[in-house]
Amino acid sequence: MRKTVTSTELLNSNFPRLFPSSSASSSFSFFHPHHLPIRFLPPNPNLPSPVHPEAQELFLSSLKTLSRTTITLREIESLHCAATKSGFAVRGQVGIGLLNLYAKPGSLDVGRKLFDEIYERDALPWTILISGFSRNGKHETGIQLFAGMIAEDTLPNRFTLASVLKCCANLRDLGKGREIHGWILRNGISPDAVLDNSILEFYVKCGAFGYAKRFFGTLTSSDAISWNIMIGAYLEIGDVDSSMELFGNSLYRDVSSWNTIINGLMQNGFDSVSLQLLYRMVEIGPQFNHFTYSMAVTLAGTLALLALGRQIHGRVLRLGYEHDGYVRNSLISMYTKCGKMEASSFVFSRSLHSFDGSVAKSIDWSSMIAGFVQNGRGEEALHLFFRMLQEGVSVDQYTLTSIASACSSAGILEQGKQVHACVEKLGYGIDVFLASAITDMYAKCGSLTDARKNFESMDRKNVVLWTSIIGSYASHGHGREAIQLFDRMLNENIMPNEISFVAVLSACSHGGLVKEGYKYFRAMQENHNVAPGIEHFTCMVDLLGRAGLLDEARNFIYENSISHHTVMWRALLSACRVHQNVKMAVWASEQLVQLDPDDVGSYVLLSNIYASQRKFAEASKLRKLMQDRGMTKEPGWSWIQLRNKVHAFVAGDRSHPEAEGIYSYLERLFGRLKGLGYSSRNDLVLHDVEEEQRESMLSFHSEKLAIAYGIISTPSGTPLRVMKNLRVCADCHEAIKYISQDTSREIVLRDAHRFHHFKQGECSCGDYW
DNA sequence: GTAGGGTTAG
């Protein structure tokens, strides 16, 4: 199916109007010298003649050799210095040799100064500089330089054209690129694979797909790269079928072709097809190279195929590919995605102590840190981050995003603020990922106002950022505001995803907004094509139950055939506690124990319920059963951050250095609270609370200890922020209301479910949580 | 020309 379009047809079709001329400058309408944004020094003919011609030749050839090695800026500068001292023509060939060295990351600006001095300015020095800037992502500068070159009437060569087309491609500047293509055709630059491919890529990147296809058809010198560009182009627009067809018909099916199609399939979410193709490659395809290995490892990670990942790792080690930065980093991520943090640490630490030059880069640190965060090991993430800072590894947005998320879950506002400050100090602004993480951090650390401020400061908001702020308002119990934000998001044509609906539904449930909840639950399916998942059903059960519609909630569970999910019964049980419906509570917790006989929580709940009904025999039977089976429950603990230090407590904890003071303060405090009308609420234990629920320890629950410590360690009137890993128990909730009244303190408590703002004897949750 | 790290709920 070869296309029959000729290059002349292509040229005449609808290129911009050009000025036919032999002179380079006048044929580019957009590169007019008057519009030049930068000035170039005129060539300088006053060059000193070389002192030792042979020495200069020798120096030149060593520069060429050095250009193939890695060389630091300081080394280049000392060479430069030596050349000047020896009287070599740094404005001529030697200058070009040095320029070639300077055209590396970080030294381009120095290179450009040198360039201004060079008097023999044919296409070569221009090309070195243009391709240098384009390689380093400074595409605008590349184009400006090209304009300067044309203005000086220097004729570009194929390399120059390929480089500047790359700049146009990356800037998606269709106009300029087509003008250059036109010039190439008109000036009869003979076809060459490198140039042709850069033209092809330019059209693909600019989205001019029709052009790309037609141009591909005209190619006489196409190679594997041309085919790959086209295959990649189809994959880019999601046309998997065409890309597969092209791959099947490809004349050149080398490693890179396989890599292109396999990677493209992965990018389009066709992970299993991609894996099949990888197996096919093993059978009939060429040998894997480092690209293939890196992708294979990544694929094993996304599919969480640990066994496969390990197998590939073994092969990687045998073949020595673990020194490749990409392969190593893919390995780190693969293991973190499979939850094998020890294995990732192993790969990571080997690169830390490596002697072969493949040292861990900041991307490896980032992957490790992200892995810890994603596996719920925030503390280790923070430790690694501090070590990263100590060792002077550069920190970027990726790292900070993970760290912000670690601060969120740890609820450590001080460090979170430092991350925010760090972002501002680094000066590269906040992208939408980081903004979402920071918004969430402020909200989860108790500061909704800062979360909102950060949210509003972003010009471009995506679903995730919106969902973060909606979820923040929901968890702080501001249902109405959350709904308003959700509607504002819809007005701004942002498509909500399944998580956005979890956020808005939970907002409805925390705010008791039944009608609205139903509205969004329906809209989700009817208008937004989001099928309800377990989380959405849970929110609905929660919403109905909390509003006191217990029967409706139970019916909802059966109508939607979700009665086999323990979370539903847990939600219903929580509602039973709020509305003190013991009968349904017993029934619901029996369902729970039946569904999951190994779940400790269900036993604790049921035994608590029996106890509350004074059925102590049943209660203790259950407790004994738990003991016999060796079932233990996650201990409840609370923490408070004061002066940059986190103080953590478990129930009855006496390990804190100031335990003495804390306990004697609590004794006195409870004396006063009773005077205000507080009495222990042992009747309200129908909740999924932890071991510390035991009556004798009620007054020394972890949250009470943390709050007491907060009170005695801060000046009166200071608001307190306390975090807890489980849900707050009914007695503590009641007690903290009185504490806020007695001490005139604002107390913000984050539990496993939501925020409670206690103020003057009231809680923002209105006792529904 | 083809490869690696980040955010929201539960």
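Chain A is the first sequence line, chain B the second, and so forth, proteins listed ahead of strands; every chain is numbered from 1. Atoms considered below: every heavy atom in the structure, side chains included; atoms not considered: hydrogens, waters and symmetry mates. Only a predicted model underlies this, so the values are computations on that prediction, with no experimental measurement involved.
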Participant: Classify the nucleic acid contact of A/S367 as base, sugar-phosphate or nothing, counting any heavy atom under 4.0 Å across all strands shown.
Facilitator: sugar-phosphate
Participant: Looking only at atom types and distance, does a side-chain atom of A/W569 sit under 3.5 Å from a main-chain N or O of A/S563, one as donor and one as acceptor?
Facilitator: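 It does hold such a pair.
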Participant: Does any donor-acceptor pair link the side chain of A/S366 with the base of B/dG5 at a separation under 3.5 Å?
Facilitator: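 Check passes, donor-acceptor contact within cut-off.
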Participant: Looking at B/dT8, does its base get a donor-acceptor pair with the side chain of A/S468 below 3.5 Å?
Facilitator: no
Participant: Under 4.0 angstrom, heavy atoms only, what part of the nucleic acid is A/T467 near: base, sugar-phosphate, or nothing?
Facilitator: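 Here A/T467 touches the bases of the nucleic acid.
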Participant: A/R452 and A/Y473: side-chain donor and acceptor closer than 3.5 Å?
Facilitator: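 Short answer, yes.
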Participant: Which listed nucleotide (B/dA3, B/dT2, B/dG5) is nearest to the side chain of A/H290?
Facilitator: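 Ranking B/dA3, B/dT2, B/dG5 by closest atom to the A/H290 side chain puts B/dA3 first.
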Participant: Whole angstroms only, please: what is the CG-P distance between A/N329 and B/dG6?
Facilitator: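 Going from A/N329 (CG) to B/dG6 (P), I get 9 Å.
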Participant: Only counting residues at least two apart or in another chain, list the ones meeting salt bridge (charged side-chain N to carboxylate O under 4.0 Å, His left out) with A/K205.
Facilitator: A/E201
Participant: How close or far is atom P of B/dT8 from atom CD1 of A/I438, stated in whole angstroms?
Facilitator: 12 Å
Participant: In whole Å, what is the span from the CH2 atom of A/W258 to the C1' atom of B/dA3?
Facilitator: 18 Å
Participant: Quick one: is B/dG5 close enough that its OP1 or OP2 comes under 4.0 Å of any side-chain N or O from A/S402?
Facilitator: no
Participant: Rounded to whole angstroms, how far apart are CD on A/Q374 and C1' on B/dG6?
Facilitator: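 These atoms are roughly 8 Å apart.
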Participant: Without decimals, in angstroms, what is the distance between A/I369 CD1 and B/dT7 P?
Facilitator: 12 Å
Participant: Provide, to the nearest angstrom, the distance between the CG atom belonging to A/L400 and the P atom belonging to B/dG6.
Facilitator: 14 Å
Participant: Could you tell me how far apart A/Q267 (CD) and B/dT2 (P) are, to the nearest whole angstrom?
Facilitator: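 Result: 10 Å.
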Participant: So what does A/D396 hit on the nucleic acid, given a heavy-atom distance under 4.0 Å: a base, only sugar-phosphate, or nothing?
Facilitator: base
Participant: For A/A370, report the nucleic acid contact type (base, sugar-phosphate, nothing); a contact means any heavy atom under 4.0 Å.
Facilitator: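 The residue A/A370 makes sugar-phosphate contact but no base contact.
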Participant: Name the closest nucleotide to the A/S405 side chain, picking from B/dG6, B/dT2, B/dT8.
Facilitator: B/dT8
Participant: Considering only NZ, NE, NH1 and NH2 on the basic side and carboxylate oxygens on the acidic side, decide whether A/D450 and A/K453 come within less than 4.0 Å.
Facilitator: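 A/K453 and A/D450: salt-bridged.
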Participant: Would A/F291 count as stacking on B/dT2 if stacking means ring centres less than 5.5 angstrom apart and planes tilted under 30 degrees?
Facilitator: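 Base of B/dT2: stacked against A/F291.
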Participant: Could you tell me whether A/D431 contacts a base, only the sugar-phosphate backbone, or nothing, with contacts defined as non-hydrogen atoms closer than 4.0 Å?
Facilitator: base
Participant: Using whole Å, report how far CG of A/N259 lies from P of B/dA3.
Facilitator: 9 Å
Participant: To the side chain of A/K444, which of B/dT7, B/dA9, B/dA3 is closest?
Facilitator: B/dA9
Participant: Ignoring hydrogens and angles, are the base of B/dT2 and the side chain of A/N263 linked by a donor-acceptor pair under 3.5 Å?
Facilitator: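 By the distance-only test, no, there is no pair.
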Participant: I want to check something: taking the side chain as every heavy atom from C-beta on, are A/V464 and A/V432 in contact at a cut-off of under 4.5 Å?
Facilitator: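 Side chain of A/V464 against side chain of A/V432, heavy atoms only: no contact under 4.5 Å found.
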Participant: Choose from B/dA3, B/dA9, B/dG5 the nucleotide whose nearest atom is closest to any side-chain atom of A/T399.
Facilitator: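 The closest nucleotide is B/dG5.
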Participant: Distance check: side-chain N/O of A/K361 vs OP1/OP2 of B/dG5, anything under 4.0 Å?
Facilitator: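 Answer no for this pair, as no side-chain N or O of A/K361 is under 4.0 Å from OP1 or OP2.
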Participant: For a quick check of understanding: with a heavy-atom distance under 4.0 Å over all strands, which category does A/E201 fall into, base, sugar-phosphate or nothing?
Facilitator: sugar-phosphate
Participant: Give A/K461 one of three labels, base, sugar-phosphate or nothing, depending on what nucleic acid heavy atoms sit under 4.0 Å from its own.
Facilitator: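 Touches nothing.
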Participant: Among side-chain atoms of A/T399 and A/D396, is any donor-acceptor pair under 3.5 angstrom?
Facilitator: yes
Participant: Among B/dA9, B/dG4, B/dG5, which nucleotide has an atom closest to any side-chain atom of A/I499?
Facilitator: B/dA9
Participant: Quick one: do the A/S163 and A/S134 side chains pair a donor with an acceptor below 3.5 Å?
Facilitator: no
Participant: Which part of the nucleic acid does A/K205 contact within heavy-atom distance under 4.0 Å: base, sugar-phosphate only, or nothing?
Facilitator: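 Touches nothing.
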Participant: From the set B/dA3, B/dG5, B/dT8, return the single nucleotide nearest to any side-chain atom of A/Y398.
Facilitator: B/dG5
Participant: Let's see if you can work this out: which of B/dT7, B/dG4, B/dA9 has an atom nearest to the side-chain heavy atoms of A/T298?
Facilitator: B/dG4
